[in-house]
Student: 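Mind having a look at this structure? Questions to follow.
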Amino acid sequence: MPELPEVETVRLGLVRLIIGLAVESVTSDNQKSFPNAIADVEQFLIGAKIVGVRRRAKVLLIDLDSSYSLVIHLKMTGQLVFRGKESFGAGHPTSSLIGQLPDKSTRVILNLSEGAVLYFNDQRKFGWMRLIPTSEVENIDFFKKVGPEPLDTDFTSQVFIERLMRRKNSNIKSVILDQTVLAGVGNIYADESLWGAKIHPSSRVVDIPKPRLKNLHTELIYVLKLAIEKGGSTDRNYVNAEGKKGSYMSFARVFRRENQPCPRCGSVIIKTRVAGRGTHTCPKCQKT
DNA sequence: CACTTGACCTGTCCGC
DNA sequence: TGCGGACAGGTCAAGT
C-alpha cells in the first residue's frame with residue numbers, strides 16, 4: 001500500500017491528532033507486528049507522551065518524551081487509524097473506508113489519553129512497529145542505506161542522475177523503486193512518473209538520454225507532490241489517520257488504467273510485468 | 001560484484 | 001457455488 005505520499009498523509013493526520021496525548025496501554029495480537037519485550041514497553045511506552053511524528057522514506061516515527069520512538073513500517077497493507085472519543089458517537093463519518101474497530105486485521109491497539117485510540121491494522125502482517133531509543137533510529141540498517149528524500153530541495157536532477165548511474169545496467173523501473181537510490185517511490189508513482197517522462201520502464205538506465213532522465217526527476221517530484229495534495233492513492237487498503245481514502249487514483253494517468261485511453265495520445269494503456277511488478281504503460285508514448 | 005527471484009501473509013478476483 | 005491459481009502498493013535474503 002503506502003508509498004511516500006500515503007505515509008506523509010498519515011503523518012500529517014497524526015500530527016494533528018495525537019501530539020500531546022499519552023500512551024495509557026497497549027495490546028498486540030502477534031509477536032511479529034510488534035516484537036518488543038513487555039518490560040521495555042512498560043518502561044518506555046506506557047505513560048509516555050507523544051511529542052512528534054516524523055517520516056523518513058516510507059517509515060513513520062512517533063517520538064515520545066521517554067527518549068524512545070515508535071518506528072512503524074506499513075509495508076503493503078498497514079493502516080494507522082485514530083479514533084477519538086467523539087469518533088465513536090452517532091455522527092461517525094460515512095466516508096470512512098473502514099467501520100467498527102478493532103476488526104480482524106487489527107494487530108496493535110494503543111490506548112491514548114482523553115479516550116483516544118490508535119489502531120495498527122495490517123491484513124498481510126508484513127508491516128511492523130518497534131520501540132527503540134530515539135537516538136538509535138539513525139542506526140537502523142534501513143536508515144543507514146536509504147537514499148535521499150526526493151522532496152528535499154537539495155535533491156537536484158544532478159544528484160538524481162548520479163545515483164541512477166550506480167545501477168546503470170538495470171531497467172529504470174527497478175532502479176527508481178530501489179530505496180537505496182532514492183527514498184519513497186513505489187509501484188504507483190514509478191509507473192506514473194515514467195509515463196510523465198515518456199520513458200519505458202524496462203529501458204536500461206544507461207540507454208536513456210540525459211534530458212529524459214532530467215524530465216523523470218521533474219515528473220517524480222510533480223507526481224509525489226500532487227499525490228500528497230490529493231491525500232494519497234487508495235486502491236484497496238490505504239486509508240489516512242482518520243480512516244478515509246485518498247483521491248490520487250482519480251488523477252492517475254496510467255496506473256490501474258489498463259484498456260483505457262492514454263490521456264496524452266489516446267492509445268490503449270497496457271499492463272505488463274517489469275521488475276517482477278505489475279506495470280502500466282502507454283505503448284505509443286513510452287517507446288524504450 | 002550487479003542483478004534477479006522468491007519469501008513473507010491474507011484476501012480477492014477471475015476462469016473453469 | 002466451489003475451487004485453484006494469479007495477483008496485490010514493500011523489503012530482504014538467497015540465488016545466478
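Lettering of chains follows the sequences in order, A, B, ..., and the numbering in each one begins at 1. Not measured: the values here are computed from a predicted model.
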Student: Does the ring center of Phe120(A) lie less than 6.0 Å from the ring center of Phe34(A)?
Tutor: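 When the ring centroids of Phe120(A) and Phe34(A) are compared, they turn out to be at least 6.0 Å apart.
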Student: Base, sugar-phosphate or nothing for Asn169(A)? Non-hydrogen atoms, less than 4.0 Å.
Tutor: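 Here Asn169(A) touches the backbone only, sparing every base.
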Student: When the distance from CD1 of Ile140(A) to C1' of dT11(C) is rounded to whole Å, what number comes out?
Tutor: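 Answer to the nearest Å: 14 Å.
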Student: Between dC7(C) atom P and Asn237(A) atom CG, what is the distance in whole Å?
Tutor: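 Atom-to-atom, Asn237(A) to dC7(C), this comes out as 18 Å.
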Student: Provide the distance between the two P atoms, one in dC14(B) and one in dG9(C), to the nearest whole Å.
Tutor: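 Result for the P pair: 16 Å, nearest Å.
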Student: Asp235(A) near the nucleic acid: base, sugar-phosphate alone, or nothing, with a heavy-atom cut-off under 4.0 Å?
Tutor: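 Touches a base.
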Student: Describe the nucleic acid contact of Phe142(A) in one word from base, sugar-phosphate, nothing, applying a heavy-atom distance below 4.0 Å.
Tutor: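 Since only primed, P, OP1 and OP2 atoms lie under 4.0 Å of Phe142(A), the category is sugar-phosphate.
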Student: Could you tell me which non-hydrogen atom of Ala183(A) sits nearest to which non-hydrogen atom of Val146(A), and how far apart they are?
Tutor: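 Minimum heavy-atom contact is CB-CG2, 3.9 Å.
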Student: Do any side-chain nitrogens or oxygens of His73(A) fall under 4.0 Å of OP1 or OP2 in dT11(C)?
Tutor: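 Yes.
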Student: Quick one: which of dG10(C), dC7(C), dT4(B) gets closest to the side chain of Lys58(A)?
Tutor: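 Of dG10(C), dC7(C), dT4(B), dG10(C) is nearest to the side chain of Lys58(A).
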Student: Using ring pair (Phe, Tyr, Trp, His ring centres under 6.0 Å) as the criterion, list what pairs up with His217(A), not counting sequence neighbours.
Tutor: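 Applying ring pair (Phe, Tyr, Trp, His ring centres under 6.0 Å) to His217(A) gives Phe155(A), Phe160(A).
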Student: Who else is in Ile269(A)'s hydrophobic cluster (ILVMFWY, side-chain heavy atoms under 4.5 Å, direct or via others)?
Tutor: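 Grouped by the 4.5 Å side-chain rule, Trp195(A), Val254(A) form the rest of the cluster around Ile269(A).
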Student: Between dG9(C) atom C1' and Asn187(A) atom CG, what is the distance in whole Å?
Tutor: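 It is 6 Å, rounded to the nearest whole Å.
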Student: Donor-acceptor check, side chain of Arg55(A) to backbone of Ala57(A), threshold 3.5 angstrom: yes or no?
Tutor: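 Answer holds: yes.
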Student: Take a 6.0 Å sphere around NZ of Lys214(A) and say whether it holds more than 12 heavy atoms from other residues, nucleotides or ligands.
Tutor: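 No, because the 6.0 Å sphere around NZ of Lys214(A) holds 12 heavy atoms or fewer from other groups.
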Student: At under 4.0 Å, does any side-chain N or O of Gln179(A) touch on OP1 or OP2 of dT11(C)?
Tutor: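 Checking Gln179(A) against dT11(C): at least one side-chain N or O falls below 4.0 Å of OP1 or OP2.
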Student: Classify every nucleotide of nucleotides 5-11 of chain B by which part a protein heavy atom approaches to under 4.0 Å, writing B for the base, S for the sugar-phosphate alone and - for neither, in 5'-to-3' order.
Tutor: ---BBBS
Student: Please list every stem that involves DNA chain B, where a stem is a run of 3 or more consecutive Watson-Crick or G-U wobble pairs with both pairing distances under 3.5 Å.
Tutor: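 The stems are B:2-8 with C:10-16, B:10-16 with C:2-8.
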Student: Let me know the distance between CD1 of Ile72(A) and C1' of dG10(C), rounded to the nearest Å.
Tutor: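 That distance rounds to 16 Å.
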Student: Would one find a side-chain N or O of Arg166(A) under 4.0 angstrom from OP1 or OP2 of dC3(B)?
Tutor: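 For Arg166(A), the contact criterion (side-chain N or O under 4.0 Å from OP1 or OP2 of dC3(B)) is not met.
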Student: Atom CZ of Arg273(A) to atom P of dC7(C): distance rounded to whole Å?
Tutor: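 Value for this atom pair: 5 Å.
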Student: Quick one: which residue pairs count as a salt bridge (Lys or Arg N to Asp or Glu O under 4.0 Å) with a foot in residues 103-113 of chain A, not counting sequence neighbours?
Tutor: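 Pairs touching residues 103-113 of chain A that pass the test: Asp29(A)-Arg107(A).
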Student: Quick check: closest heavy atoms across Thr153(A) and Thr156(A), and the distance to 0.1 Å?
Tutor: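 The pair with the smallest heavy-atom distance is O-CG2, 4.3 Å.
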Student: Could you measure between the two P atoms, the one in dC9(B) and the one in dA14(C), and give it in whole Å?
Tutor: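 My reading of the P atoms in dC9(B) and dA14(C) gives 15 Å.
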Student: Separation of Arg277(A) atom CZ from dC7(C) atom C1', in whole Å?
Tutor: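 Taking CZ of Arg277(A) and C1' of dC7(C), I get 12 Å after rounding.
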Student: Less than 4.0 angstrom from a charged side-chain N to a carboxylate O is my criterion; do Glu114(A) and Lys85(A) meet it?
Tutor: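 A salt bridge is absent here (no side-chain N lies under 4.0 Å from a carboxylate O).
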Student: Which pairs, with at least one residue in residues 187-200 of chain A and sequence neighbours excluded, count as a salt bridge (Lys or Arg N to Asp or Glu O under 4.0 Å)?
Tutor: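 Sorted result for residues 187-200 of chain A: Lys173(A)-Asp191(A), Glu192(A)-Arg253(A).
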Student: Take atom P in dT11(C) and the same atom in dC1(B), then report the distance between them in whole Å.
Tutor: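 Their P atoms lie roughly 23 Å apart.
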Student: Regarding Asp122(A) and Lys125(A), does a basic nitrogen lie under 4.0 Å from an acidic carboxylate oxygen?
Tutor: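 Lys125(A) and Asp122(A): not salt-bridged.
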Student: Using OP1 and OP2 only, check whether a side-chain N or O of Lys271(A) sits under 4.0 Å from dA8(C).
Tutor: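 For dA8(C), OP1/OP2 do have a side-chain N/O of Lys271(A) under 4.0 Å.
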Student: Between dG6(B) and dA6(C), how far apart are the C1' atoms? Round to whole Å, please.
Tutor: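 Comparing C1' positions in dA6(C) and dG6(B) gives a spacing of 15 Å.
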Student: Under 4.0 angstrom, heavy atoms only, what part of the nucleic acid is Arg256(A) near: base, sugar-phosphate, or nothing?
Tutor: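 The residue Arg256(A) makes sugar-phosphate contact but no base contact.
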Student: May I have the distance from Leu177(A) (atom CG) to dT11(C) (atom C1'), rounded to whole angstrom?
Tutor: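 Computing the Leu177(A):CG to dT11(C):C1' distance gives 11 Å.
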Student: Remember a base hit wins even if backbone is also touched, and classify Gly127(A) as base, sugar-phosphate or nothing at under 4.0 Å, heavy atoms.
Tutor: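 No contact.
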Student: dG10(C) P sits how many Å from Asp191(A) CG, rounded?
Tutor: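 Interatomic distance, CG of Asp191(A) to P of dG10(C): 10 Å.
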